[in-house]
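Start at 1 and go down the list; that is how both ligands and their atoms are numbered. All values reported here derive from a predicted model rather than from experimental measurement.
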Amino acid sequence: MTISEHFTLEELTFSEAATRLGLDNTPIPIVITNLGRVAAAMERIRTLLGDKPIVVHSGYRSAEVNRAVGGVVTSAHCRGLACDFVCSAFGTPAEVALATLKSDIEYDQLILEYGWVHVGLAQEGLLCRREALTKRSPGAAYESGIRA
Ligand SMILES: [Zn+2]
């Protein structure tokens, strides 16, 4: 099911871990609504990056899937408000994160992670913090700003 010009509900709910471990990752209606907002934000990012293809690593994660992949309990992924992605035709994750940082695209959190970029949105009606962070490895603390 297409939820924006270039993104499908399937790619924003696909979880390799869920498939492997047999966990349910079916989104409830509010999550589908939120994923629609994420897809709209991702369309703006796609345009910003020169209309190059974006590969989604992780969008929605049910609580049990999130637990299985070691995600933080409060993760925006669990509400369908976040997307981890790469756009290698544009550049490295650091280049993608810096371009997004410099844009006027609204996000709550932009995180340069080890191998991909995380974009999180605020819940409907809440203000975006527009917080930018870098996480260099699974065990590393979050550093302020986008640090290539
Ligand atoms: Zn993420």
Inset, instruction - Return yes when at least one N/O/S atom of Glu113 is nearer than 2.8 Å to the Zn ion (ligand 1), and no when none is. - result: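 Coordinating: no.
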Inset, instruction - Output yes if Cys83 passes the N/O/S-under-2.8 Å test against the Zn ion (ligand 1); output no otherwise. - result: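 Within the cut-off used here (under 2.8 Å), Cys83 places no N, O or S atom near the Zn ion (ligand 1).
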Inset, instruction - Indicate if Ile54 and Tyr60 have the same hydrophobic cluster label, given that clusters are the connected sets of ILVMFWY residues with side-chain heavy-atom separations under 4.5 angstrom. - result: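 Yes: a chain of side-chain contacts under 4.5 Å links Ile54 to Tyr60.
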Inset, instruction - Decide yes or no on side chain to side chain contact (heavy atoms under 4.5 Å, CB included) for Asn34 and Leu121, but give the supporting numbers first. - result: CA-CA 9 Å; Asn34 287 343; Leu121 303 186; over 6 Å; no
Inset, instruction - Show your working on side chain to side chain contact (heavy atoms under 4.5 Å, CB included) between Met42 and Phe7 and close with a plain yes or no. - result: CA-CA 8 Å; Met42 292 306 299; Phe7 296 92; 3.6 Å; yes
Inset, instruction - Take the Zn ion (ligand 1) as the vertex and measure to NE2 of His77 and OD1 of Asp84; round to 10°. - result: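 The two atoms form an angle at the metal of about 100°.
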Inset, instruction - Answer yes or no for Lys135 and Tyr142: cation-pi contact, defined as NZ/CZ to six-membered ring centre under 6.0 Å and angle to ring axis within 45°. - result: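 Lys135 over Tyr142 ring: yes.
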Inset, instruction - Starting from the Zn ion (ligand 1), look over the N/O/S atoms of His118 and name the nearest one. - result: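 Distance check against the Zn ion (ligand 1) picks out ND1 in His118.
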